[in-house]
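Below, chain A is the first sequence line, B the second, and so on; all start at residue 1.
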Amino acid sequence: MTARRRYWLMKSEPEAFSIDDLQRVDIEPWNGVRNYQARNFMRDGMRVGDGVLFYHSNTAVPGIVGTATVASEAYPDETQFDPKSDYHDPKSTREEPRWHLVDIKFERKLSRTISLDEIKRHADRLGEEFALIRRGNRLSVFPVSAAQYKYLLSLE
DNA sequence: GCCAACGTTGGC
DNA sequence: GCCAACGTTGGC
């Protein structure tokens, strides 16, 4: 029996790691997530093959710029153990790692950016609870329904 | 660069 | 366990 594919949206600042960077490296460990809710989605919710909307945040035109897939089960984020890393967490141990991640694999770049502005104009179709357009939302990883995923990509 | 909206930390 | 202070996110 095959479990149904799930869908997610993952934010990245293009200056730090863009869709072009993902295309170049093909597979990337999604390190640096230091928010428990986002971690829980990766650790407990994601499965290999799940669909990912790749979103550029904190940039001139924030929006969805590509798609990717989940390419691994969750495993500990190495950067938490590295004192030289920006993501170092002195309270985390190898015996009980605090932060987990998954590998993300490039799928495709969209022909154009589906901007946040445009997404907001489709709020009625996406539902008021859609995390991206909910006021004050800062989650960098969150679930998207199959219908939302399909609808967002149909805007391309 | 500003700042609202959060999440986390730590003193008490 | 409260909550002020602090740090971060991310749109604008």
May I ask you to check whether [X] and [Y] show a side-chain donor-acceptor distance below 3.5 Å?
| X | Y | result |
| --- | --- | --- |
| Asp77(A) | Thr79(A) | yes |
| Ser111(A) | Glu156(A) | yes |
| Ser92(A) | Gln80(A) | yes |
| Asp103(A) | Tyr75(A) | yes |

Could you tell me how far apart [X] ([atom1]) and [N] ([atom2]) are, to the nearest whole angstrom?
| X | N | atom1 | atom2 | value |
| --- | --- | --- | --- | --- |
| Leu132(A) | dG10(C) | CG | P | 10 Å |
| Glu15(A) | dG10(C) | CD | C1' | 13 Å |
| Arg98(A) | dT9(B) | CZ | C1' | 11 Å |
| Ile133(A) | dT9(C) | CD1 | C1' | 18 Å |

Between Tyr55(A) and Trp8(A), is the gap from one ring center to the other below 6.0 Å?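 They do not qualify: ring centres at least 6.0 Å apart.
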
Less than 6.0 angstrom separating the ring centers of Tyr151(A) and His122(A), yes or no?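 Yes: the rings meet the under 6.0 Å criterion.
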
Does Lys109(A) have any salt bridge (charged side-chain N to carboxylate O under 4.0 Å, His left out) partners at least two apart in sequence or in another chain, and if so, which?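 Here the qualifying residues are Asp20(A).
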
Check the orientation of Phe17(A) and Phe54(A). Use parallel for under 30°, tilted for 30 to 60°, and perpendicular for over 60°.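 It falls in the tilted class, 30° to 60°.
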
Please tabulate, one pair per line, each protein N/O and nucleotide N/O from nucleotides 6-8 of chain B that are separated by under 3.5 Å, including the distance.
| from | atom 1 | to | atom 2 | distance (Å) |
| --- | --- | --- | --- | --- |
| dC6(B) | OP1 | Arg135(A) | O | 2.8 |
| dC6(B) | O2 | Arg138(A) | NH1 | 3.0 |
| dC6(B) | O2 | Arg138(A) | NH2 | 2.5 |

By a strict heavy-atom criterion of less than 4.0 Å, which residues belonging to residues 56-68 of chain A are in contact with DNA chain C?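 Result for residues 56-68 of chain A: Ser57(A), Asn58(A), Pro62(A), sorted by number.
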
Would you say Lys11(A) places a side-chain N or O within less than 4.0 Å of OP1 or OP2 belonging to dG10(C)?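 Yes, because at least one side-chain N or O of Lys11(A) sits under 4.0 Å from OP1 or OP2 of dG10(C).
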
Are Tyr55(A) and dG11(C) close enough that a side-chain N or O sits under 4.0 Å from OP1 or OP2?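 For Tyr55(A), the contact criterion (side-chain N or O under 4.0 Å from OP1 or OP2 of dG11(C)) is met.
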
